[in-house]
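The structure under discussion appears below in the form of structure tokens.
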Amino acid sequence: MDNKNDNKDYVIRLDKARKSRGKNDYKKYLIVGGAGVLLVAGVITAGAFAKRNGGGAQAAALATASEAVNQADAKNGEAVKASEEAIKQAEEVKKVVASYKNLGIVKASGYLNIRKTPGTDGDVIGKLQSDGACDILEKTDDGWYKITSGGIEGYINSEYVLTGEEAVKKAESLVKLRAVIKADSMNIRKEASKSSDPVGQALADERYEVLDQTEGWVKISTGYLSTDYVALEYSLNEARKLDLKAMVFNYYKNIGISDVDNYLNVREEPNEKGKVIAKMPSKAAGEILETTADGWYKIQSGSITGYVKSDYILTGQAAKDEAMQVAQLMAIVNTDMLNARSEPSTDSKIWTQISNNERYPVLKQVDGWVEIELEEDSSAYVATDFVDVRYALPQAIKFSPLEEKANAQSSLRTQIVNYALQFLGNPYVWGGTSLTKGADCSGFTMSVYSKFGIGLPHYSGSQAGRGTSVKSSEMKPGDLLFYANSKGTINHVAMYIGNGQIVHAASRRSGIKISNWNYRSPVKIRNMIGD
């Protein structure tokens, strides 16, 4: 913004503030003068009283007059202080807005993608949240702005940006006291203490509005930041870099990567007889908490804390190298149930729902929306307001194997499920039926059931017509769950394994894997065993 064209609102505000300060000074003189008259009058009156009643009355009169002056001074001081604070804040706002040569303010819902090149096919290199600020460097012929913001230079869709006086006016209300991160990365903590649990990571140059301050800490919307690693300054919010693969290391101090082809057991105790409480998929990551003397690591992966054999864990530089190869751009759901749509628009119908904390590979990012992979050749769009899009690594999955039951039918179900779980991590192959070399979703369930003399066709839609219907509240291990595409056509099948989980041949990315049964909404559940 040109200094010659400073916003008139600031001039008016400053003049009013100065006049207010002047008025306050004038009022102060009147009050002090009036109080002085009262004091003199009090002294005279006190003298008269003294002649009649002694010095006690004179002292009381003097005290009353003095208190009146003190109260007047205190009120006037508060008014002057408030006026000076208003002037200071107005000047800070003016300074911040004036620091932008050609100010742009984002008006998109959620956030606006910053791309390496102008166009929706350009790589996403950062994001500007709604009400975020940027300096517009140039405008392209096809409706894109080249901008700089938060140390990022790239392109944004001009359709979602306020400019000129409209941007300046909007910016006036957006300048806040913010904590600007000065370390490469730092923990956001649950409470104002270095011993408090981390609830997130803040990265260099990110800005967070300060809600409150306490000794050594600032409160932000998601927790607390130590003032040792931030600068407090009035500013507008700016862009944040897209979390690159290397950013995954911000979530681990001592990273360990599972070095297995399928799944690694996580046990309750550090020995082979310890109860299995979870499984780490191939190349899953965890924080190594401690090492035992007999070859086990205590590890935390996702919400799971347990023990794994150290022989099957990569550490140090080997773990980092593997992580860089494996990390994928994921959409991590942060709400209880999230609507998934067939198109990136709220006008598009909701055709399924996905559950909290699930991680889905990102196929495409569209402003305000993310296209995620559900299974092979099946995707959906979710709003960016309800997912955290970042590079991430696989994590441990809560799991306990079924125990053999005395009842014959229960025992059969347990046998079917435990047999199916032997093939975790094996590849997905479209049209395949091999449990070792590769199968698709219906080929997997068909081949597992075939082992136990139960015949099924090789097509999920046909399998959904077999057996008897089951409610989700009544399903048992071994039952099959069916999922549909956006047109309502069944296109995926999985096997329930108990404890709210399924096993299924999901996609070429993940092969045969474990998921929560409601990772998206099933349309049918069928009992194929006949009990």
Side-chain angles (χ1 to χ4, degrees), residues 1-23 81-115 118 126-180 205-212 220-221 231-240 346 367-368 383-385:
M1 185 175 71
D2 194 316
N3 289 334
K4 294 181 180 179
N5 296 312
D6 286 347
N7 195 294
K8 293 180 180 179
D9 289 346
Y10 292 121
V11 177
I12 293 169
R13 191 183 304 172
L14 288 170
D15 286 342
K16 285 183 177 179
R18 292 190 184 100
K19 288 177 181 178
S20 174
R21 182 167 60 181
K23 286 180 181 178
K81 184 177 180 181
S83 177
E84 289 175 345
E85 283 293 319
I87 292 170
K88 180 182 177 182
Q89 190 166 349
E91 289 173 344
E92 290 288 351
V93 170
K94 179 181 176 182
K95 186 191 304 180
V96 170
V97 176
S99 68
Y100 293 84
K101 294 180 180 178
N102 189 7
L103 179 65
I105 298 291
V106 173
K107 60 177 180 179
S109 173
Y111 62 78
L112 190 61
N113 289 319
I114 304 173
R115 298 182 183 273
K127 53 191 178 183
L128 255 170
Q129 293 176 320
S130 183
D131 292 338
C134 64
D135 243 329
I136 299 171
L137 305 178
E138 63 182 64
K139 184 174 182 179
T140 69
D141 294 333
D142 50 354
W144 291 78
Y145 286 139
K146 184 178 183 181
I147 61 100
T148 179
S149 179
I152 303 172
E153 189 171 297
Y155 294 85
I156 58 176
N157 192 327
S158 63
E159 182 182 348
Y160 303 100
V161 184
L162 299 176
T163 60
E165 287 299 312
E166 192 176 10
V168 170
K169 188 172 181 63
K170 179 71 173 176
E172 291 175 21
S173 63
L174 300 176
V175 176
K176 308 285 185 185
L177 181 63
R178 288 185 163 87
V180 183
D205 297 325
E206 289 183 350
R207 304 179 181 193
Y208 296 85
E209 183 179 348
V210 175
L211 304 180
D212 197 8
I220 61 174
S221 61
L232 300 181
E233 58 189 50
Y234 282 92
S235 66
L236 291 164
N237 201 9
E238 288 201 355
R240 296 183 183 180
T346 52
D367 291 327
T384 55
D385 289 344

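Just so we're clear, the structure is a prediction, and the values are computed from it rather than from any experiment.
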* Check the surroundings of atom NZ in Lys170: do more than 12 heavy atoms from other residues, nucleotides or ligands lie under 6.0 Å from it? => no
* **Distance, nearest 0.5 Å, that separates CG of Asp131 from OG of Ser173** => 7.5 Å
* Are the side chains of Glu92 and Val175 in touch, meaning some heavy atoms are under 4.5 Å apart? -> no
* To do: Please name the pair of heavy atoms, one in Gly143 and one in Ser158, separated by the smallest distance, quoted to 0.1 Å.
  => O-OG, 2.8 Å
* Structure fact -> Rounded to the nearest 0.5 angstrom, the CG-CD distance for Leu177 and Glu233 is 9.0 Å
* Identify the two heavy atoms, one from Arg207 and one from Val180, that lie closest to each other, and give their separation to 0.1 Å. => CG-CG2, 4.1 Å
* Asked: Which heavy atom in Tyr145 sits nearest to a heavy atom in Thr163, and how many Å separate them?
  -> OH-CG2, 3.7 Å
* Out of Asp135, Ile152, Leu128, which one pairs with Ile147 under the side chain to side chain contact (heavy atoms under 4.5 Å, CB included) rule? -> Leu128
* **Gap between atom NZ of Lys127 and atom CD1 of Ile114 - 0.5 Å precision** => 10.5 Å
* Structure fact -> Tightest non-hydrogen contact, residues Ile156 and Cys134, listed as CD1-SG, 4.2 Å
* Would a distance-only check, ignoring hydrogens and angles, find a side-chain to backbone donor-acceptor pair under 3.5 Å from Asn157 to Glu159? -> yes
* Would you say the side-chain atoms of Ser235 pair up with the backbone N or O of Arg178, donor to acceptor, closer than 3.5 Å? -> no
* Asked: Which heavy atom of Tyr100 sits nearest a heavy atom of Glu238, and at what distance?
  -> OH-OE2, 2.6 Å
* Asked: Just by distance, do the side chain of Asp367 and the backbone of Asn113 share a donor-acceptor pair under 3.5 Å?
  -> yes
* Asked: Between NZ of Lys176 and CG of Leu236, what distance do you get to the nearest 0.5 Å?
  -> 10.5 Å
* Asked: Who passes side chain to side chain contact (heavy atoms under 4.5 Å, CB included) against Glu166, sequence neighbours left out?
  -> Leu162
* **Non-hydrogen side-chain atoms of Lys94 and Glu91 separated by less than 4.5 Å** => no
* Asked: Does the Arg240 side chain pair with the main chain of Asp205, one donor and one acceptor, at a distance under 3.5 Å?
  -> no
* Asked: Of all heavy-atom pairs between Val97 and Ala171, which one has the smallest distance, and what is that distance?
  -> CG2-CB, 4.1 Å
* To do: Report yes if the side chains of Thr148 and Leu137 come closer than 4.5 Å at any heavy-atom pair, otherwise no.
  => yes
* Asked: Atom OH in Tyr234, atom NZ in Lys95: separation rounded to 0.5 Å?
  -> 11.0 Å
* Asked: At what distance, to the nearest 0.5 angstrom, does OH of Tyr155 lie from CD of Glu138?
  -> 5.5 Å
* **Donor-acceptor pair, side chain of Ser149 and main chain of Ala133, under 3.5 angstrom** => yes
